[in-house]
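Worksheet: one structure, shown below.
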Amino acid sequence: MYKSLKSILEYDEVEELALDFTYETEIMGERVVKELVPGGYNKKVTNENKREYVTKFCYAMTTKEIEKQLTAFLKGFRTILPKAYIEHLSPADLDQIIRGLPEIDLAMLKKNFTYLGCTEKDLLVK
């Protein structure tokens with residue numbers, strides 16, 4: 001999809017592609033054409049408005065078409081980590097909370113680990 005949209009932006013005679021401000025999607029196994037803007041069936045993509053077309057298309061694909069799924073995901077996610085807790089985090093901080101550190105510091109782990117029912121010398125631990 002990226003290459004196709006990039007091609008539209010780089011193409012000098014975009015009118016030759018005969019695009020309009022619509023896109024196809026699938027609903028319950030059937031192909032449906034939706035408008036990107038009101039009157040999109042009648043609005044042709046031109047060199048002057050091709051950037052608007054790509055912007056509207058990207059928004060439709062990355063937000064509008066997955067709105068129900070995204071809302072359900074956020075509802076579940078926010079039961080674990082409320083919005084008030086994460087709104088001050090950077091994307092990198094949130095990524096670290098979700099995925100953890102990329103490398104485990106074994107020295108730090110050994111120093112701070114508490115053994116219950118065994119010791120660091122037990123075969124199970126080694």
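Numbers here are sequence positions counted from 1.
Note that the NZ atom of K3 and the CG atom of L5 stand 13.0 Å from one another [nearest 0.5 Å]. Summarising the geometry, atom SG belonging to C118 is positioned 11.0 Å from atom CG belonging to L123; distances are rounded to the nearest 0.5 Å. Interatomic distance, OG of S4 versus CZ of F57, reported as 8.5 Å (0.5 Å rounding). In this structure, D20 CG and Y53 OH are separated by 7.5 Å, a value rounded to the nearest 0.5 Å. Rounded to the nearest 0.5 angstrom, L106 CG and K111 NZ are separated by 14.5 Å. Atom OH of Y85 and atom CG of L81 lie 8.5 Å apart (nearest 0.5 Å).
The local environment of CD1 in I104 is sparse, with at most 12 non-hydrogen atoms from other residues, nucleotides or ligands closer than 6.0 Å. Remark: R99 CZ is loosely packed, at most 12 non-hydrogen atoms of other residues, nucleotides or ligands lying under 6.0 Å away. Heavy-atom contacts from other residues, nucleotides or ligands closer than 6.0 Å to CD of E30 number 12 or fewer.
Residues E24 and V33 share a closest heavy-atom pair of CG-CG2, 3.8 Å. K50 and L9 get closest at one heavy-atom pair: NZ-O, 3.0 Å. Across every non-hydrogen atom of C58 and T62, the tightest pair is O-OG1, 2.7 Å. Residue L36 comes nearest to K56 through the heavy atom pair CD2-O, 3.7 Å, listed as atom of the first residue, atom of the second, then distance.
Using a 4.5 Å cut-off on side-chain heavy atoms (C-beta onward), F21 and N49 make contact. For the pair E35/Y41, a side-chain contact is recorded, criterion being any heavy-atom separation below 4.5 Å from C-beta on.
Under the side chain to side chain donor-acceptor pair (under 3.5 Å) criterion, T79 pairs with no residue, sequence neighbours left out.
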Go through the steps for K43 and E52 under the test salt bridge (Lys or Arg N to Asp or Glu O under 4.0 Å), then give the verdict.
CA-CA 12 Å; K43 185 173 181 176; E52 177 190 6; 3.2 Å; yes

Under the side-chain hydrogen bond (donor to acceptor under 3.5 Å, both in side chains) criterion, do T46 and E15 qualify, and how do the steps go?
CA-CA 5 Å; T46 65; E15 291 88 351; 4.6 Å; no

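Between the D122 side chain and the T119 main chain, a donor and an acceptor come within less than 3.5 Å of each other. D95 places no side-chain N or O within donor-acceptor distance of the main-chain N or O of P91, the cut-off being under 3.5 Å. Judged by distance alone, the side chain of E26 and the main-chain N or O of V32 form no donor-acceptor pair under 3.5 Å.
No path of Ile, Leu, Val, Met, Phe, Trp and Tyr side chains, each step under 4.5 Å between heavy atoms, connects V45 with Y59, placing them in separate hydrophobic clusters. Using a 4.5 Å cut-off between side-chain heavy atoms of Ile, Leu, Val, Met, Phe, Trp and Tyr, with links allowed through other members, L89 and F77 fall into the same hydrophobic cluster. Residues I80 and I86 are members of separate hydrophobic clusters, defined by side-chain heavy-atom contacts under 4.5 angstrom among Ile, Leu, Val, Met, Phe, Trp and Tyr. I66 and F73 fall into different hydrophobic clusters, where Ile, Leu, Val, Met, Phe, Trp and Tyr side chains are chained together by heavy-atom contacts under 4.5 Å. Hydrophobic clustering (ILVMFWY, side-chain heavy atoms < 4.5 Å, transitive): Y11 and Y2 are in distinct clusters.
The cationic group of K34 does not satisfy the cation-pi geometry with Y23, failing either the under 6.0 Å distance to the six-membered ring centre or the 45° limit from the ring axis.
Side-chain contact annotation: E65 with T25, donor-acceptor N/O pair under 3.5 Å present.
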